[in-house]
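Read through the structure below, which is laid out as structure tokens, and then see the notes.
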Amino acid sequence: MLADAPPPVAALADWALGLQPAQLPPMVARHARLQLLGVIGAAAALGAFGLRGDAASAAGALADAELDPGLLLSGGAAAAALVAAACAGPAHRVDDLVVAVVAANELSARCGLAQALGPRGAALRGKTAGVAAAVARARLEGVAAPALAAAISAALAAPAAEGDPGAAVRSGVAAALARPWAGGDRGALAGGGALSAAWTGLGAAWWTHSLIHRAHPGALRLLVPLQAMDEVLRRHVKAADKRLRADQIERVVVRTGLPLPVGAGAGWPGGARALPALIAALVSSHSLSLDGLRGPLEGDPARLAAVAERVVVEHDPVRALSTPLSVLEVAPQLLGGLSARARLSALGQLLRPTGLGWGPGWWRGLKRLGAAPVVEQLLAAARVSDADLAGARLEQLALRADTELVLHTTRGGSWPERRGLLGGGPAAPWEQTVAGTLALAAPGFGVGIDALRARLEVPGERAAAGWLARAAAP
């Protein structure tokens, strides 16, 4: 049996409410500032949010369009920023919002990681969004720790929302904002999860480093193949001095370890969860921007279908190892606190996105799949005994999703592209991440990218309202 040691919710609430700006590592604070500007701008660009608007609806709209930032196994990144902005008053400073967002990130990510061996998908995304909303709200409304502790437990214990990610996130955030503050049980956290080590390392291990900032729509597991296709199209333009036409594409073969999201559809925003539809939209516009993908998806479905039906996705179980391995390389302590047998079982479940595991002796099958070089890495992670994330090296996280894409043309040519790192994610060039995020956000603020970039550097004592205002000077 896997260990099940729910954490004391009081300690989580106390930490979240006691966090101070001076305690944030500089890069963590930079991530949170970019997260705030990126989320607010993206929501406004969708027409979903004004600073006094409905944060729950905006969070749901971003999730529907797959425009919310990624945070490892958490749907709380957009909720944290939107609720912080919505709850900010005249007396709040930029630093107040930044700290609220970081506290929300850290607790919501730990909620997701602790439950990584159970059901994931929309239900977990909604619950963690509810946790993030409760934490951000508590920081800015100045509530006592018992009230926040009760709200965190309530968010995780809420019935799983039915439907797509947008509906789940919307429900989780709305419940956290509507719930009256009241004291509660300061003991164990309901639904603590099997990976109890996830709750450790507060103030030392910062999961905010795992953020994937957004420059364009697309479900997170589709970003690498979509970005690979964008690079192929760029190379073709450079080589041929003209765009590749849809009728010149014979097929696009994508080999990836990440399965297609369940419930992917066509049109907008359903197509943001469907790789063939996204690739077809990209071929149509040659632009990864919001308008570049949304416009074609909202347009003629028959035109997109002609390209989409030529996209072949081949699931590669060896490539599937790259994502969990990249996390375990810097945080093997996640498996600490379990028995040796339980650690092997947990590894088997972590390597399957469905959480079903590969059964006894699963690691032996990896050799037959050609993954012998990584078996020792996996077994080394399984041997870890330290259950304290304080020793994790999250600032070195390079979140990988190894993917190979080959575009075949009707003239017999082929254009291959292989890549692993997610653009906008951990280990991606920071300046490129900033440029892409602000390019998406700037239209929502009604300012240019340079003006929005200047806001990243404003003093933390600056009034939050002016910092987030549309078309305001930095």
* To do: Using the side-chain contact (heavy atoms from CB on, under 4.5 Å) rule, take Met229 and Leu288 through it: C-alpha gap first, then chi angles, then the decisive distance, then the call.
  => CA-CA 10 Å; Met229 184 67 182; Leu288 274 181; over 6 Å; no
* Within the side chain of Ser284, is there an N or O that forms a donor-acceptor pair under 3.5 Å with the backbone of Ala280? -> no
* Asked: What do the steps show when you test Leu233 against Trp415 for side-chain contact (heavy atoms from CB on, under 4.5 Å), and what is the final call?
  -> CA-CA 9 Å; Leu233 293 177; Trp415 297 76; over 6 Å; no
* List the atom of Ala427, the atom of Ala398, and the distance in Å for their closest heavy-atom pair. => CB-CB, 3.6 Å
* Side-chain H-bond candidate by donor/acceptor type, Ser74 with Ser108, under 3.5 Å -> yes
* **Electrostatic pair Asp68:Arg125 at N-O distance under 4.0 angstrom** => yes
* Any side-chain heavy atom of Arg462 sitting closer than 4.5 Å to one from Arg93? -> no
* Closest contact, heavy atoms only, Ala136 versus Ala80 -> CB-O, 3.8 Å
* So do Leu34 and Val434 actually touch side chain to side chain, heavy atoms under 4.5 Å? -> yes
* Could you tell me whether the side chain of Thr433 and the main chain of Pro429 form a donor-acceptor pair under 3.5 Å? => yes
* Asked: With a 4.5 Å limit on heavy-atom distance, are the side chains of Cys111 and Thr128 in contact?
  -> yes
* Asked: Sub-3.5 Å donor-acceptor pair from the side chain of Arg273 to the main-chain atoms of Asp64, do we have one?
  -> yes
* Report yes or no: does Arg310 contribute a side-chain atom to a donor-acceptor pair with the main-chain N or O of Ile249 at less than 3.5 Å? => yes
* May I ask you to test the Val252-Val406 pair for a side-chain heavy-atom distance under 4.5 Å? => no
* **Leu421 versus Pro426, closest heavy-atom pair with distance** => CD2-O, 4.1 Å
* Asked: Going by heavy atoms in the side chains, are Leu440 and Ser289 under 4.5 Å from each other?
  -> no
* Begin from the C-alpha positions of Leu82 and Leu62 and carry the test side-chain contact (heavy atoms from CB on, under 4.5 Å) through to its verdict. => CA-CA 11 Å; Leu82 290 162; Leu62 285 172; 4.0 Å; yes
* To do: List the atom of Val254, the atom of Ile279, and the distance in Å for their closest heavy-atom pair.
  => CG2-CD1, 4.4 Å
* Can you tell if the side chain of Leu140 reaches within under 4.5 Å of the side chain of His92, non-hydrogen atoms only? -> yes
* Looking at CG of Leu452 and CD1 of Ile40, how far apart are the two atoms once the value is rounded to the nearest 0.5 Å? -> 11.5 Å
* **Exam field: side chain Arg221 to backbone Gly257, donor-acceptor pair closer than 3.5 Å** => no
* **salt_bridge(Arg400, Glu329) N-O dist < 4.0 Å** => yes
* Asked: Can you tell me how far CD of Glu66 sits from CG of Leu293, rounded to the nearest 0.5 angstrom?
  -> 12.5 Å
* Does the salt bridge (charged side-chain N to carboxylate O under 4.0 Å, His left out) test come out yes or no for Arg453 and Glu431, once each step is laid out? -> CA-CA 11 Å; Arg453 185 187 296 272; Glu431 283 306 313; 3.2 Å; yes
* To do: Without swapping roles, check the side chain of Glu106 against the backbone of Ala103 for a donor-acceptor pair under 3.5 Å.
  => no
* Quick one: CG on Leu422 to CG on Leu226, what's the gap to the nearest 0.5 Å? -> 11.0 Å
* To do: Supply the atom-to-atom distance Leu244 CG to Arg235 CZ, rounded to the nearest 0.5 angstrom.
  => 12.0 Å
* Under 30°, 30 to 60°, or over 60°: which ring-plane class applies to His31 and Trp430, parallel, tilted or perpendicular? -> perpendicular
* **Cationic N near anionic O, under 4.0 Å, Arg393 to Glu395** => no
* Gap separating the CG atom of Leu334 from the CG atom of Leu195, nearest 0.5 angstrom -> 6.5 Å
* Asked: Is a salt bridge present between Arg33 and Glu457, judged by a nitrogen-to-oxygen distance below 4.0 Å?
  -> no
* Which distance, rounded to the nearest 0.5 Å, do you find between the CG of Leu107 and the CZ of Arg110? -> 7.5 Å
* Shortest non-hydrogen separation from Thr323 to Ser326 and the atoms involved -> O-OG, 2.6 Å
* Charged N to carboxylate O under 4.0 angstrom, Glu231 versus Arg418? -> no
* Over 12 non-hydrogen atoms of neighbours within 6.0 angstrom of CG in Asp247 -> yes
* Ion pair present between Arg255 and Glu314, side-chain N to carboxylate O less than 4.0 angstrom? -> yes
* Asked: If only atom types and distance count, is the side chain of Thr403 paired as donor or acceptor with the main-chain N or O of Ala401 below 3.5 Å?
  -> yes
* Do any pairs count as a side chain to side chain donor-acceptor pair (under 3.5 Å) and have a residue in residues 294-307, sequence neighbours left out, and if so which ones? -> Asp291-Arg294
* Ignoring hydrogens and geometry, is there a side-chain-to-backbone donor-acceptor pair from Ser171 to Ala168 under 3.5 Å? -> no
* **Check: Pro296 and Leu304 side chains under 4.5 Å, non-hydrogen atoms** => yes
* Could you check Val102 against Trp206 for side-chain contact (heavy atoms from CB on, under 4.5 Å), going step by step and ending with a plain yes or no? => CA-CA 9 Å; Val102 172; Trp206 302 90; 3.7 Å; yes
* To do: Return the minimal non-hydrogen interatomic distance between Leu19 and Val99, and the atom names on each side.
  => O-CG1, 3.5 Å
* **Close side-chain approach of Leu67 and Leu290, heavy atoms under 4.5 Å** => yes
